[in-house]
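Counting starts at 1 for both ligands and their atoms, in listed order. This structure is a prediction, so every number in the text was calculated from the model and none was measured.
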Amino acid sequence: MKALDIKGLEKTYAGGVTALKGIDLTVDQGDFFALLGPNGAGKSTTIGIICSLVNKSVGSVKVFGFDSVKDEVEAKSCIGLVPQEFNFNQFETLMQIVVNQAGYYGVPRDVAKTRAEKYLKQLELWDKRNASARELSGGMKRRLMIARALMHEPKMLILDEPTAGVDIEVRRSMWAFLKEINQQGITIILTTHYLEEAEMLCRNIAIIDKGIIVENTSMKALLATL
Ligand code: ADP
Ligand code: ADP
């Protein structure tokens, strides 16, 4: 079974823009996978559909065997999403943000608190646990979004442009953290428009341009052609 299995995916927005023109993509369990492409290529649309946040027009998406429409709840529970924009309540504390997130997935409160400690420590946010999120730097907010996405212990983590606007030191420590949790078995998919980021992290890569997958190969094979 694949972590992700996308067949013939098309998306035309209500306004008439066709963002995806027939995408086929599979990601193996345990993979570290990059979806690389310029702005407007269709990366966020693809992620939105995988996470059941955007309706597809045509095609099928399976997440660990669960259909993203028919088995939406099961498919979603396999995924931790780190969206591009900060979408937490800035006036809540870090603890509230991550514990509440676990609550949405039915994680018991005591388990949620133990996990919150684990992930906030791993992401170097534990000292800030009782601060409100608006007090955090951009890099810290980005790490908070990763901690929050892990609170229901998903099998797959999806990050949309995870290091956009993050300085190089924070970027390196985020990369190290992602590599570590991938080695522990979590499947990771990230979108990026930096080849360098994909090169640092990913085993396999798909390149998307104007709603079409123009390349889908191993990172090694891609680098050999450059
Ligand atoms: P990327 O993430 O690669 O920058 P997107 O998936 O955001 O690309 O966008 C792909 C195309 O779909 C672009 O032409 C964009 O303008 C369009 N698009 C994205 N979101 C919407 C929306 N909500 N409504 C209409 N068009 C959209
Ligand atoms: P403290 O240990 O600081 O008293 P709380 O137990 O109040 O922390 O939890 C922090 C926040 O998380 C509160 O807003 C609480 O309502 C919320 N919360 C804690 N556990 C859950 C849960 N399982 N589901 C939903 N919300 C929860």
Enquirer: Listing request: all salt bridge (charged side-chain N to carboxylate O under 4.0 Å, His left out) pairs with a residue in residues 140-153, at least two apart in sequence or in separate chains.
Expert: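 For residues 140-153, and leaving out neighbouring residues, the salt bridge (charged side-chain N to carboxylate O under 4.0 Å, His left out) pairs sorted by first residue read Arg115-Glu153, Lys118-Glu153.
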
Enquirer: Can Lys121 and Glu117 be counted as an ion pair, charged N to O under 4.0 angstrom?
Expert: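 Yes, Lys121 and Glu117 are salt-bridged.
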
Enquirer: Any chain of hydrophobic side-chain contacts (each under 4.5 Å) joining Phe66 to Ile47?
Expert: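 Each belongs to a different hydrophobic cluster.
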
Enquirer: Name the atoms and distances for all side-chain donor-acceptor pairs under 3.5 Å in residues 211-226, with sequence neighbours left out.
Expert:
from, atom 1, to, atom 2, distance (Å)
Ser218, OG, Ala221, N, 3.1
Thr225, OG1, Leu222, O, 2.6

Enquirer: Name the one of Ile208, Asp209, Ile207 that satisfies side-chain contact (heavy atoms from CB on, under 4.5 Å) with Pro38?
Expert: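 Answer to the side-chain contact (heavy atoms from CB on, under 4.5 Å) test with Pro38 among Ile208, Asp209, Ile207: Asp209.
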
Enquirer: Tell me the residues surrounding ligand 1, counting only those with a heavy atom closer than 4.0 angstrom, sorted by chain and number.
Expert: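 Within 4.0 Å of ligand 1, protein side: Tyr13, Val17, Ala19, Pro38, Asn39, Gly40, Ala41, Gly42, Lys43, Ser44, Thr45.
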
Enquirer: Could you name each residue pair satisfying side-chain hydrogen bond (donor to acceptor under 3.5 Å, both in side chains) that touches residues 17-41, not counting sequence neighbours?
Expert: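 Passing the test, one end in residues 17-41: Lys2-Asp28, Thr12-Thr18, Asp31-Asn204.
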
